[in-house]
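Note that the structure is a prediction, hence the values are computed from the model and not measured.
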Amino acid sequence: MNLGGFKNKEVLVDLTNGVVDYRGINEEDAVKYIGGRGLGVKYVLDNGPEVEPLSAENILCIMTGPVTGSRSSMSGRLCVVTKSPLTGTVTDSHIGGWTAARLKWAGVDNIIFSGKSDKPVYLFIEDGKAELRDASNLWGTSTRAFIKAMKDEHGEEDLSVMTIGQAGENTVRFAAFINEHDRAAGRGGTAAVAGYKKLKAIVIKAAQKGNMPQPKLDTDYKDANKKAVKAILDGGLTAPNKGGLSVYGTNVLTNLINEVGALPTKNSQLTHWDEAEKHSGEYYNTNLRVANNTCHACPVGCKIEVEVKDGKYKTRVESIEFESAWSLGSNCLLSDAEAISYMIDRCNEYGLDTIELGHCFSVTMEAYEKGIINEELIWGDADSMIDLTKKIAFREGFGGVLAEGPARATALWGAPELSMSVKGQSIPAYDPRGIQGIGLGYATSNRGACHLRGYTVASEIAGIPEPTDRLKPEGKGELLKVFQDMLAFSDSMNICKFSSFSENAEHYAEQYSGMTGIQLTAEDVMKAGERIYNLERYYNNLAGFNKREDDFLPKRFTEEPASGNSAGHVSRMDIMLEEYYQVRGWKDGLVTDEKLRELGIIDPEVKQTV
């Protein structure tokens, strides 16, 4: 392989037979799909879209990108790619901290797990070598307990541990990987796939010294990196210790989104709540914050660490994210920041997606209030929510029903309309009635409802790169495509999405070119992102998501008007979806043969089999 940035080593782990092997990376695929998310999706597609997510046939890909672990700012991201047990779509879920960088420093680009072990195991990697080790005596432990055991055994220095908790072991469909810094690969249930396979963790021992990826064009790379760093340092949101993202973390958005009337409240029955300020970034910063932490090569430091010093919610926990605080907070009419912090701590301990968990509570609260079910859960009842969290993680009683995810649970109750989900995945913290573009993003996201596939909020709320009217549906198809394509590229280069608040496609092109030696322009970046997004859509089409109805929102958003400063508005999917399909060149949600050939996804003689 002639590309800079890559170690040209993938670890192939056959869990059924307990065999570890190695291979290089196909250079043509690496050029076409960049790395990270894009290359991982290619592997999952090649494995076959018909596999059952919770089966030995499904593969689990741990992926880095060409700049991972380098001097590039925000290059500490790793993604997990698989077929999701929550949605049945292809999914990729990303995790920060130092796990990705240490994997690259250990001499490994990617890990592909196949099969299913007959006993619990973990994978240990050091000096370019990987070994499966017995984890039977640690099966059943929490994430923190496992991490402590690994530190005791391997030493804390230069160690990263990425593990599942009891939720993953019990195949909760929204179980998350957690690492030693409480970072989570949260969405899509990737940890449930690991749990099914009896894979407890990936443990990496590696130092940075002498092991950072080497750029192919050193001078070009240094110049590109300087430009990118300057953009981040000068950014309105990303400037260290000055920008809102740095000072307050992602939870800087709570008051802003609530003020415009786009904060989904009480299971999206409302879009504004007067009590939301009590779990905002400003509140945490004033009352509970004890540190701002960061990830590899990141000057922003958006990870807020808080401490509740006494009482029944006593805890010290990192990553009080906007989505987590909202889902467990306003979404459930809970304003107690200390209780929310403790619940996030429990999610990190068990390995649960905080967004999906909050929806488990809110659908149960609404169903109970309306007399649909007899399981009592009252709006804002923190202690009952905490108790139910454990029952979900361990699949105990009613918790076992919710462990299947809110979409499946509400369907079981005969009330699927209560689940605010798309393709089985629940929405994050932006109401699509008050921010039109993000609703289209939820509907057309390739991994189920998600703001991170195409973050139009940057434009519709923050005016980045230029402002658009948040309540106007026209033009949102074109806007969304731009965001989706650029973020597909950054996810594949494996650089943090928050870089896009300050960097643009030209910054990405220059860093990629300097690192790999493959010259890309900004236009090439967007074309590569388009190729990756269409690859995912192609997978989903083959997996059975091939109707317009698959790309739509719950009726609450299209029929029930918003409140607050978005009062009277509904999501105008009727306008936006058709425009989006035209911009994409798709027919009723299907990627056409012409588009697949244009992007080089299929050979000219191949016909799509949907």
Glu50 atom CD: more than 12 heavy-atom contacts under 6.0 Å: yes

Exercise: do Ser563 and Thr271 side chains pair donor with acceptor under 3.5 Å: yes

Side-chain donor-acceptor pair present, Glu460, Tyr430, cut-off under 3.5 Å: no

Salt-bridge contact Lys595-Glu530 (side-chain N to carboxylate O under 4.0 Å): yes

Under 3.5 Å side-chain donor-acceptor pair for Ser502 and Thr238: yes

Other residues, nucleotides, ligands: >12 heavy atoms within 6.0 Å of Glu52 CD: no

Any side-chain donor near an acceptor of the partner, Arg453 and Thr444, under 3.5 Å: no

Derivation and outcome, side chain to side chain donor-acceptor pair (under 3.5 Å), residues Ser499 and Tyr508: CA-CA 10 Å; Ser499 66; Tyr508 293 155; 2.7 Å; yes

Trace of the side chain to side chain contact (heavy atoms under 4.5 Å, CB included) decision for Glu356 with Arg187: CA-CA 8 Å; Glu356 214 67 47; Arg187 307 233 70 190; 2.7 Å; yes

Ser459 and Thr468 side chains, donor-acceptor separation under 3.5 Å: yes

Asp551 with Lys423: basic N within carboxylate O range, under 4.0 Å: yes

Lys/Arg N to Asp/Glu carboxylate O, Arg531 vs Asp524, below 4.0 Å: no

Pairs where residues 80-90 contributes a residue and the test side chain to side chain donor-acceptor pair (under 3.5 Å) is met, not counting sequence neighbours: Asn58-Thr82, Ser84-Thr87, Thr87-Thr89

